[in-house]
Trainee: 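Here it is: the structure, laid out below.
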Amino acid sequence: MADGAGKKDVGVSKRTNWVTDLVEWYDANRRKLPWRSRPRPYAVWVSEIMLQQTQVDTMLPYYRRFMKRFPSLRSLAAADVHDVLSLWQGLGYYARARNLHRASQLVVEQHGGRMPRDPAVLRKLPGIGEYTVAAILSISFEIPLPVVDGNVARVTARLWAIHDDVGRPATRKAIADRLTGPIQTVSPGTFNQAMMELGALICRPRDPSCGVCPLMKHCAAKRQKRVGDYPVKKKRKAVPQYDVVVGVIHRRGRILLARRPASGMLGGLWEFPGGKIGSEDATAYPDTLCEKILSETGVEVKVGERLCTIDHTYSHFKIRLHAFLCRAQAGRARPLASDEVRWVPPRELDAFAMSTVGKKIVAAYDR
DNA sequence: AAAGCGGGGTG
DNA sequence: CACCCAGCTTT
C-alpha cells in the first residue's frame, strides 16, 4: 500500500505536466497590464491590434490615451476616422487603426454592438485574422483556441525542437494543432497569455533565460543544447532605399498639406507634397520638386533652402527625405494626387494626423 | 547597419 | 501558398 502510493508520487514529481509548470510560472510572474484585470472583449481587441508589430512598452501610452478617449466599442464606432488616426499618430501601421474603426462600426450595425463569439463571424471583420480571433475569444470568453504569434511560435519550436520554418502557414497550423490539446486542460485565456508572456520575458529571441525557465526540463531544444537554432526562419531580403523630396510650401502665412488616399500605405494621413525621385544628382532636387508639386497640386512654387534631411526606415524600404522650404507663386491648390489639399496655419499643424516622418518635418520647421 | 518582431490582405 | 504591406526597438 505504502509502496504503491510512493511509486505514484515519484511518477508525478518526475514528469510534471509542462502546462501546469507554465501556468504556475505565469501566475507568479505576469506583468500587470490594463486589459488583464478583468478582460472585456473590446479592451482585449484594442490591445491585441495595438500589439501587432509593436512591443508592450511602446504601445502602452497609446493604449491608455485611446481607451480614455474611446472607452467603449460604441464610442469608437461613433468617432470620426480622422480622430482615430490622430490618436494612432506615431504608432505606425495605420491600416490597423482604420480597420479597427471600420470593424467597430460593423459590430454595431450587424451585431448590436456586442462582440460575436463565433470564430467564423469574428474572422470576417476587417483587421481580424486567425491570431486576433483566438486572442479575443480565449482571453475574454475562455474559448479554447490557441494563439500562434511570434512568441508562441518560438516557445513551441524550442519546446519540441520543431525544425520547420515558422514563417510558413503550414508550420503555424501544425503548432496550433499541437497546442489544441494542452489549452483545453487549463484556462484558455491564461494558457495563451502565459505562452506569449514566456516568449516575451524568458524565451526571448536572443539570450533566452533558460536557467529560470519553467519549461527547462521539458524543452527539447535545451536538452539538445540547440536553443539558438530555433525557431527556424527564412532570412528577410534586403530593402531598397529611395530618395524623397517634399516641400513646405508657404502662401500668405499658411502651409500646404495633402491628405493621402484612404487606402494603401499611410492611408488617410496628411503629408507635405512631394514624392519619390530617381537617382539624380542632388543639385537637381529643387527642379524635380518643383515639377512634382505642380503636377500633384497644381501649385507653381519657387523652391528655397533645404529645411532638413531625414532618414527613415519602413518595413519594405528606406527613404532619405529632403524637405525644402518653398513659396507658392501661382495656381490654385487641387487634390490631383491626393484626397484633399488644405492651406494650414503653422500653429495648427499639430492637429493634422501625420506619420512619424511628417511629425519630424514639423519639428524641424518649428525650430 | 542589421536583425527581430510578425498579422493581415492579396493574387 | 507565396508574397507584399507596414515602423520601431535592440544589438
Side-chain angles (χ1 to χ4, degrees), chain A residues 44-63 85 88-103 119 122-136 145-158 164-176 192 195-201 203-208 228 230-242 244 260-269 271 310-321 353-360:
Chain A
V44 172
W45 185 12
V46 173
S47 72
E48 288 299 339
I49 299 299
M50 284 191 172
L51 282 168
Q52 291 170 9
Q53 289 91 14
T54 308
Q55 291 170 11
V56 169
D57 290 341
T58 304
M59 67 70 99
L60 219 39
Y62 288 87
Y63 176 84
L85 283 172
W88 213 271
Q89 176 174 279
L91 197 52
Y93 298 94
Y94 302 93
R96 295 183 298 176
R98 282 183 277 121
N99 286 335
L100 176 63
H101 177 242
R102 179 77 196 114
L122 204 52
R123 179 72 175 77
K124 286 194 172 65
L125 294 169
I128 297 192
E130 221 56 54
Y131 166 83
T132 310
V133 165
I136 292 172
L145 293 170
V147 301
V148 184
D149 72 344
N151 289 313
V152 175
R154 184 171 58 256
V155 169
T156 313
R158 287 172 177 167
D164 301 308
D165 178 0
V166 294
R168 290 175 47 210
T171 311
R172 298 262 168 164
K173 174 75 166 67
I175 288 172
N192 279 335
M195 288 290 280
M196 295 192 280
E197 196 81 331
L198 187 72
L201 300 182
C203 195
R204 295 180 299 263
R206 284 165 301 210
D207 193 26
Y230 301 97
V232 174
K233 44 178 39 175
K234 212 168 60 183
K235 271 207 191 71
R236 90 154 107 170
K237 58 180 179 200
V239 297
Q241 202 206 319
Y242 305 114
V244 172
R260 298 177 63 98
S263 60
M265 181 173 163
L266 306 177
L269 293 182
E271 66 178 5
I310 294 167
D311 286 314
H312 192 75
T313 306
Y314 291 95
S315 48
H316 287 60
F317 56 90
K318 324 180 207 202
I319 60 167
R320 171 158 289 174
L321 177 144
M354 289 185 190
S355 70
T356 299
V357 171
K359 289 204 300 186
K360 282 183 189 168

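Residue numbering restarts at 1 for every chain, and letters A, B, ... go by the order of the sequence lines.
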Trainee: Determine whether the side chains of A:N151 and A:R154 contain a donor N or O and an acceptor N or O closer than 3.5 Å.
Mentor: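 A:N151 vs A:R154: donor-acceptor pair found between side chains.
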Trainee: Contact class for A:T132 vs. all strands (heavy atom < 4.0 Å): base, sugar-phosphate, or nothing?
Mentor: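 Sugar-phosphate, backbone atoms only, no base.
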Trainee: Give one of base, sugar-phosphate or nothing for A:R98, where a contact means two heavy atoms less than 4.0 Å apart.
Mentor: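 Here A:R98 touches no strand at all.
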Trainee: Counting the atoms with a prime plus P, OP1 and OP2 as sugar-phosphate, which does A:R172 contact under 4.0 Å by heavy atoms, base, sugar-phosphate, or nothing?
Mentor: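 Sugar-phosphate: the residue A:R172, judged by heavy atoms under 4.0 Å, touches backbone atoms but no base.
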Trainee: To the nearest Å, how far apart are A:D311 CG and B:dA2 P?
Mentor: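 Those two atoms, CG and P, are 14 Å apart.
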Trainee: Using whole Å, report how far CE of A:M50 lies from P of B:dG7.
Mentor: 18 Å
Trainee: Under the side chain to side chain donor-acceptor pair (under 3.5 Å) rule, collect the residues that match up with A:K173, sequence neighbours excluded.
Mentor: A:D177
Trainee: So, for A:P146 and A:A176, which heavy atoms are closest and what is the spacing to 0.1 Å?
Mentor: CG-O, 3.5 Å
Trainee: Just call it for A:L266: base, sugar-phosphate, or nothing, with non-hydrogen atoms closer than 4.0 Å on any strand.
Mentor: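 A:L266: backbone/sugar contact only, no base atoms under 4.0 Å.
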Trainee: A:M196 has an atom CE; how far is it from atom C1' of B:dC5, in whole Å?
Mentor: 14 Å
Trainee: Atom pairs under 3.5 Å, N or O on each side, protein against nucleotides 9-11 of chain B: can you list them with distances?
Mentor:
from: B:dG9; atom 1: OP1; to: A:G127; atom 2: N; distance (Å): 2.8

Trainee: Using atom CZ of A:R102 as one end and atom C1' of B:dG8 as the other, report the distance to the nearest whole Å.
Mentor: 17 Å
Trainee: Across the strands shown, which category fits A:V148 at heavy-atom distances under 4.0 angstrom: base, sugar-phosphate, nothing?
Mentor: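 The residue A:V148 makes sugar-phosphate contact but no base contact.
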Trainee: Which atom names give the shortest non-hydrogen contact between A:Q89 and A:Y94, and what distance separates them?
Mentor: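 Scanning both residues completely, I find the closest heavy atoms to be CA-CE2, 4.0 Å.
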Trainee: Just to verify, what does A:F317 make a ring pair (Phe, Tyr, Trp, His ring centres under 6.0 Å) with, not counting sequence neighbours?
Mentor: A:Y242, A:Y314
Trainee: Do A:D165 and A:K233 sit within salt-bridge range, that is, some charged N less than 4.0 Å from a carboxylate O?
Mentor: no
Trainee: Rounded to whole angstrom units, what separation is found between the NZ atom of A:K318 and the P atom of B:dA1?
Mentor: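 Roughly 7 Å, once rounded to whole Å.
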Trainee: Taking the side chain of A:P205 as its heavy atoms from C-beta onward, which of C:dA2, B:dG8, B:dG4 lies nearest to it?
Mentor: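 Of all the options, the side chain of A:P205 is nearest to B:dG4.
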Trainee: Which listed nucleotide (B:dG7, C:dC3, C:dA2) is nearest to the side chain of A:K234?
Mentor: C:dC3
Trainee: Output the rounded distance in Å from CD1 (A:I175) to P (B:dG7).
Mentor: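 After rounding, the gap between these two atoms is 11 Å.
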Trainee: Return the value, rounded to whole Å, for the distance between atom CZ of A:R154 and atom C1' of B:dC5.
Mentor: 8 Å
Trainee: Quick check: on DNA chain C, is the nucleotide nearest A:T171 upstream (toward 5') of the one nearest A:R260, or the reverse? Name the residue that is more 5'.
Mentor: A:T171
Trainee: Quick one, A:T54 with A:Y62, criterion side chain to side chain contact (heavy atoms under 4.5 Å, CB included). Give me CA distance, side-chain angles, the key distance, then yes/no.
Mentor: CA-CA 11 Å; A:T54 308; A:Y62 288 87; over 6 Å; no
Trainee: For residues A:R260 and A:E271, report the shortest heavy-atom separation together with the two atoms involved.
Mentor: NH1-OE1, 2.8 Å
Trainee: Distances under 3.5 Å only, N/O to N/O: pair up the protein atoms with those of nucleotides 8-11 of chain C.
Mentor:
from: C:dC8; atom 1: OP1; to: A:G90; atom 2: O; distance (Å): 3.1
from: C:dC8; atom 1: OP1; to: A:T356; atom 2: OG1; distance (Å): 2.1
from: C:dC8; atom 1: OP2; to: A:H312; atom 2: NE2; distance (Å): 3.2
from: C:dC8; atom 1: OP2; to: A:T356; atom 2: OG1; distance (Å): 3.4

Trainee: Grab the CD1-P distance between A:I49 and B:dG8 for me, whole Å please.
Mentor: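 My rounded result for the distance is 7 Å.
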Trainee: What residues form a side chain to side chain donor-acceptor pair (under 3.5 Å) with A:Y131, not counting sequence neighbours?
Mentor: A:E48
Trainee: Sequence neighbours excluded, which residues qualify as side chain to side chain donor-acceptor pair (under 3.5 Å) partners of A:T58?
Mentor: none
Trainee: Measure from the side chain of A:A170, starting at C-beta and using heavy atoms only, and say which of B:dG7, C:dC3, C:dC1 lies closest.
Mentor: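 The answer is C:dC1.
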